*Asks:* 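Dumping the structure here so I can ask a few things about it.
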Amino acid sequence: MINIKNLHKSFGELEVLKGINLEIEKGKVIVMIGPSGSGKTTFLRCLNLLEIPNAGTIEIDGKVMDFNQKKLNKKSIVDFRSLTGMVFQNYNLFPHKTALENVMEGPVIVKKISKEHAREKAVKLLTKVGLADKVNYYPHQLSGGQQQRVGIARAMGIEPKVMLFDEPTSALDPELVGEVLRVMKDLAQEGMTMVVVTHEMRFAREAADEIIFFDQGVIMERGVPEEIFTNPKEERTKRFLERIQ
Amino acid sequence: MFLLSNVLMDPARAEELLSLAGSSLLPMLKGAITYTIPLSLITFAIGIILAVLTALARLSSIKVLNWIARFYVSIIRGTPLLVQLFIIFYGLPNLGLTINPLPSAIIGFSLSVGAYSSEIIRAAILSIPKGQWEAGFSIGMTYTQSLKRIILPQAARVSIPPLSNSFISLIKDTSLASLVLVSELFRKAQEIASTSYEFLLLYTEAAIIYWVICTILSFIQGRLETRLERYVTK
């Protein structure tokens, strides 16, 4: 489903991603962990081209973006982006639109689906994330957990092949984390391919097919949760896990 | 004070002034309704379009556009509005380009509104968090779609108070159009004053009419702000 080869990204002098190679199979849930500044969020943002890598290739669902060539076509960037749905740490809902309008926006404006059809679909998605009774609420009328669930529904609205989560629960009050993780687990069970950057180790343990440990711009270690959490090979992984647990 | 004591001591004079105030009100209101207000509205509409384009050019990564926008803003902001109006109305005929009073005023004021408001709109666009652009991009929107659907509606809310301010300034500035022969409110006052010599009365009357118009606008501004703020946390 996803195939990444030799991905490099620098911000000025600072090299954030130092040649990432990664293959992800369809329907897998990948959780990326690592210290802050290790490059995991940048990596995720590269997957939907919010950051444009300096070198390497990304293939998603058979479509390839080659960053080794000089100039990228704007339309190809926009098209490639719709292959993935992004859930942001700070939700980034559109404050001037209701929950329903937030979810409808992509289908109506980008996919050019009729409003009635899009509305029907959006209501279904919002029902799925447990917000059937909040469709006409504006973001500021919703709790953080509810806003993030709208964020997930909005990302699902464009029918992405892969869902990307950038620390989706980091901005939430502790008691609201559970409702968002539950929605994410439901998605995982339905067979959605997911790449999740998170500090929620319980979620990583319970829902991930594979854990990837990022450190200093490279993938330091990868493996099934059981293995990484109980018997990490790398010293750095061990130390990171000790510190956060 | 002089006028006041003069009037208090002389009932005939008081009546004369009252009658002049009454008879001049209609021509002045006519000047306001046929010129001052339409001139302000048309100019503001054109000016805002210019301002948005200029703001976008300033924010653009295309160097030439950026440079043109900066030059335009610099010229307009760095020279007096009255001088600009005179160049358009009295100056351009020397090049064989004669523009009637009203179109001259519309051009001059629009350019002015466009330049000043472009800075307001640029600041408003920049005040919208980057995450809003990214959210637009992440659901597959292009730059233009994100701008139109996500950024500008939010920037509009931010820019309502300063733009209302510009509009009120503009209404008052339109009195300068009297000097390029547009028979707006203040020109009417001048015309009547030049025959009656009642300068204080007529110019005060004109001032009051401007004040009433601006007060009404401030009220509308308040309503508009409340409406646009319905989706914002208080």
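To find a chain, count down the sequence lines: A is the first, B the second, and so on, and within it residues start at 1. This structure is a prediction, so every number in the text was calculated from the model and none was measured.
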*Asks:* With a 4.5 angstrom heavy-atom cut-off, could you sort out which part of Phe88(A) is near chain B: side chain, backbone, both or neither?
*Replies:* side chain

*Asks:* A side-chain contact here means heavy atoms from C-beta on lying under 4.5 Å apart; do Phe71(B) and Ile68(B) qualify?
*Replies:* no

*Asks:* If you tally heavy-atom pairs under 4.5 Å against chain B, which of Met86(A), Arg154(A), Lys111(A) wins?
*Replies:*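 Going by pairs under 4.5 Å, I would pick Arg154(A).
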
*Asks:* Quick one: of Ile158(A), Leu164(A), Ile77(A), who has the most non-hydrogen atom pairs under 4.5 Å with chain B?
*Replies:*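 So the answer, after comparing Ile158(A), Leu164(A), Ile77(A), is Ile158(A).
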
*Asks:* So, do Lys161(A) and Thr193(A) sit near enough that their side-chain heavy atoms are less than 4.5 Å apart?
*Replies:*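 No. Closest side-chain heavy atoms not under 4.5 Å.
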
*Asks:* Looking at Thr98(A), Asn48(A), Thr84(A), Asn92(A), which has the largest count of heavy-atom pairs under 4.5 Å with chain B?
*Replies:* Asn92(A)

*Asks:* Under 30°, 30 to 60°, or over 60°: which ring-plane class applies to Phe137(B) and Trp133(B), parallel, tilted or perpendicular?
*Replies:*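 Answer is tilted, since the angle falls between 30° and 60°.
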
*Asks:* Indicate yes or no: at least one non-hydrogen side-chain atom of Ile2(A) is less than 4.5 angstrom from one of Val195(A).
*Replies:*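 Answer yes - side chains close enough.
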
*Asks:* Aromatic rings Phe214(A) and Phe43(A): how do their planes relate, parallel, tilted or perpendicular, breaks at 30° and 60°?
*Replies:*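 The arrangement is tilted - the two ring planes meet at 30° to 60°.
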
*Asks:* Would you mind checking which part of Lys148(B) comes under 4.5 Å of any heavy atom in chain A, side chain (CB onward), backbone (N, CA, C, O), both or neither?
*Replies:* neither

*Asks:* Counting only heavy atoms closer than 4.5 Å, note whether Gln145(B) contacts chain A via side chain, backbone, both or neither.
*Replies:* side chain

